[in-house]
Amino acid sequence: MTLNGKHILLGVTGSIAAYKAAMLVRLLVRQGAEVRVVMTEAAKDFITPLTLATLAKHPILVENFDPTNGAWNSHISLGEWADHFVVAPATANTLAKMAHGVADNLLLCTYLSARCSVSVAPAMDLDMYRHPATQENLRILRENYGVRIIEPQEGELASGLVGKGRMAEPEQICEALGAFLAEEEGQPLAGKQILVTAGATVEPIDPVRYVSNYSTGKMGYALAEALALRGARVTLVTGAATAALRNPLGRIERVEALSAEAMYRACAERFPQMDGAVFCAAVADYTPAHPMTEKYKHEEGKPFLLELAPTHDIAAEMGRIKRPGQITFGFALETSARAEEYARHKLDAKNLDVVVLNSLRDPGAGFGTDTNKVTLIDRDAETAAVVLPLLSKEEVAAKIADRMAEKFNAIQTE
Ligand code: C5P
């Protein structure tokens, strides 16, 4: 894969291997990449910003703002600009901070806010490299946050010792970046931004009581993960959920929105920027009309009447502002024998491309179980409803994510 036209953000930290960053910038630029460099303060002791700026043809960023004029160096816009962020060399110190969310310099703030893929090329003494703390930090970065590790080499180290810890050569780093980007582009949902709603909404009655439902978020969380594994960037708007979210590639942004109103606002703000959405949340259809600010004092033996007001139908309202090219999936949880008819009605009522029908009549389907049995009903008349067997929620999520990729493919080839 050529890096031609790619936006590569290079992070340089304070290791003797920082001198190799000059060669790395040069190789990247030679391959047609646009390169921006962010350095830590300590890195400046090993290589001057002037050297890197000259090679990258852009000023180097070190601090959150320019001390000469106060101009803000936005870590957010850097992270948005980049197709890939590589930290090379990555010291034990920076790796530890990345693994634990420390944000005490511009490079780390950029890492925390980056929405692109990230890799690190560790460089340190062999004992530091093999220390369990460093190994654990690398594991966290790899397994929990999807950071790619460009393995250091065996060889002579600056300390005079011989062992593993020498940063990979710039040529190898370039090759690794090419491979990462090629792999990402080959994924069926590469470059797509998908909104997923999940979990149960929580509607307050008073400061201690609420109205909610049995949704655990398992299906929606599995879906967010399946979409991310196929290359999508996922914004997961979640209500209450007991499911654990795995985010192996770091591509899922989790936004908490507990009430139907909060979830509606979170979706309305983000949906226009999305390529698609899967509405999987169990959103309350009604919410207490007058939530109390003080705890309600019950009166012995007297009934308590709770007035409920309708909430926004998020899927339907997003359906109304849906642009051509946006693909939306919704769920239908039915208990009636006329489940399929009701589900089909939602295609139009909510302007959905696909409805995923869950029938609570099927054993193993519905809330809290690890399995689900669904039928995929497509707006496209040529596609008959696909009745899937009882599968794990992860397998169901994979089928839904594959169907979403097919729908995007179909509009691209139209
Ligand atoms: O109309 P019904 O609640 O059966 O529709 C279910 C579908 O609509 C699901 O995809 C659910 O996430 C979505 N929905 C919503 N907002 C609501 C109610 C349902 O997004 N207020």
Side-chain angles (χ1 to χ4, degrees), residues 1-11 24 27-29 31-36 38 76-88 90 98 110-122 138 140-151 168 170-196 222-236 245-254 273-278 325 327 394 397-398 400-409 411-413:
M1 154 108 189
T2 158
L3 293 170
N4 195 15
K6 294 288 172 210
H7 290 180
I8 305 291
L9 180 62
L10 170 64
L24 179 55
L27 286 175
L28 291 169
V29 170
Q31 291 199 23
E34 249 197 79
V35 183
R36 298 271 164 103
V38 53
I76 310 243
S77 51
L78 272 178
E80 275 173 2
W81 171 85
D83 294 312
H84 187 83
F85 181 24
V86 53
V87 184
M98 286 170 73
T110 305
Y111 165 66
L112 284 180
S113 54
R115 304 195 82 196
C116 59
S117 54
V118 179
S119 60
V120 292
L138 286 168
I140 292 172
L141 288 172
R142 185 173 49 235
E143 291 178 18
N144 298 6
Y145 306 133
V147 172
R148 313 292 189 105
I149 316 291
I150 305 171
E151 290 285 319
E171 292 80 4
Q172 292 166 320
I173 298 176
C174 266
E175 243 171 64
L177 299 188
F180 297 158
L181 286 165
E183 195 188 303
E184 276 167 32
E185 283 189 8
Q187 290 182 310
L189 289 170
K192 297 283 184 257
Q193 299 245 17
I194 314 281
L195 177 84
V196 176
L223 254 166
E225 195 188 339
L227 293 163
L229 285 172
R230 284 158 182 73
R233 307 230 141 258
V234 178
T235 302
L236 174 67
L245 177 66
R246 288 173 301 268
N247 191 3
L249 298 169
R251 293 198 186 122
I252 305 173
E253 185 200 2
R254 188 175 186 280
Q273 289 82 267
M274 298 285 147
D275 296 296
V278 184
I327 303 277
E394 283 70 24
I400 296 171
D402 286 341
R403 174 63 72 92
M404 185 149 241
E406 281 166 27
K407 300 295 286 179
F408 279 117
N409 243 336
I411 49 173
Q412 262 155 25
T413 50

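Throughout, residue positions are numbered sequentially from 1 according to the sequence presented. Quick note: numbers below take in every heavy atom, side chains included, and nothing from hydrogens, waters or symmetry partners.
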Participant: Any side-chain heavy-atom pair from L245 and R254 closer than 4.5 angstrom?
Facilitator: yes
Participant: Can you list the steps and then say if L177 with L28 is a side chain to side chain contact (heavy atoms under 4.5 Å, CB included)?
Facilitator: CA-CA 10 Å; L177 299 188; L28 291 169; 4.0 Å; yes
Participant: Scan I252, V278, L229, L189 and name whichever one has a side-chain contact (heavy atoms from CB on, under 4.5 Å) with V234.
Facilitator: I252
Participant: Got a donor-acceptor contact below 3.5 angstrom from the H7 side chain to the D83 backbone?
Facilitator: no
Participant: I'd like to check I194 versus M274 (side-chain heavy atoms, cut-off strictly below 4.5 Å). Are they in contact?
Facilitator: no
Participant: Kindly indicate, with the supporting measurements, whether the criterion side chain to side chain contact (heavy atoms under 4.5 Å, CB included) is fulfilled by V38 and F85.
Facilitator: CA-CA 10 Å; V38 53; F85 181 24; 4.0 Å; yes
Participant: Within the structure provided, determine whether R142 and V147 are in side-chain contact (heavy-atom separation under 4.5 Å).
Facilitator: no
Participant: Run the numbers on I327 and D275 for side chain to side chain contact (heavy atoms under 4.5 Å, CB included), then give the verdict.
Facilitator: CA-CA 7 Å; I327 303 277; D275 296 296; over 6 Å; no
Participant: Quick test of your reading of the model: are R251 and E225 salt-bridged, counting only N-O distances below 4.0 Å?
Facilitator: no
Participant: Can you tell me how far apart CD (E143) and CG (L138) are? Round to the nearest 0.5 Å.
Facilitator: 11.0 Å
Participant: So which atom in Q193 and which in Q273 form the shortest heavy-atom distance, rounded to 0.1 Å?
Facilitator: CB-O, 4.3 Å
Participant: Just wondering, do L227 and R233 contact through their side chains at under 4.5 Å, heavy atoms?
Facilitator: no
Participant: With side chains defined as the heavy atoms from C-beta onward, is the minimum distance between I400 and R403 less than 4.5 Å?
Facilitator: no
Participant: Does the side chain of M98 come within less than 4.5 Å of Y145's, by heavy atoms?
Facilitator: no
Participant: Who pairs with H84 by side chain to side chain donor-acceptor pair (under 3.5 Å), at least two apart in sequence or on another chain?
Facilitator: S117, S119
Participant: Minimum heavy-atom separation for A33 to I8, with atom names?
Facilitator: CB-CG1, 3.9 Å
Participant: Does a side-chain N-to-carboxylate-O contact under 4.0 Å join E183 and R148?
Facilitator: yes
Participant: Mind listing the closest non-hydrogen atom pair of Y111 and L141 along with its distance?
Facilitator: OH-CD2, 3.7 Å
Participant: Run the side chain to side chain contact (heavy atoms under 4.5 Å, CB included) check on R230 and D402 step by step: do they pass?
Facilitator: CA-CA 8 Å; R230 284 158 182 73; D402 286 341; 2.7 Å; yes
Participant: Rounded to the nearest 0.5 Å, what separation is found between the CG atom of N4 and the CD atom of Q31?
Facilitator: 9.0 Å
Participant: Grab the two heavy atoms, one from C174 and one from L3, that are nearest each other, plus how far apart they are.
Facilitator: O-CD1, 4.0 Å
Participant: Does any part of the side chain of V86, heavy atoms only, come nearer than 4.5 Å to the side chain of V120, both counted from C-beta?
Facilitator: no
Participant: Name all residues meeting the side chain to side chain donor-acceptor pair (under 3.5 Å) criterion together with N409; count only those two or more places apart in sequence or in a different chain, and write none if there are none.
Facilitator: none
Participant: With sequence neighbours excluded, what pairs up with R115 under the side chain to side chain donor-acceptor pair (under 3.5 Å) test?
Facilitator: E253
Participant: Do you know which two heavy atoms are closest between I150 and P122, and how far apart they sit?
Facilitator: O-CD, 3.2 Å
Participant: Which heavy atom in E184 sits nearest to a heavy atom in A190, and how many Å separate them?
Facilitator: O-CB, 3.0 Å
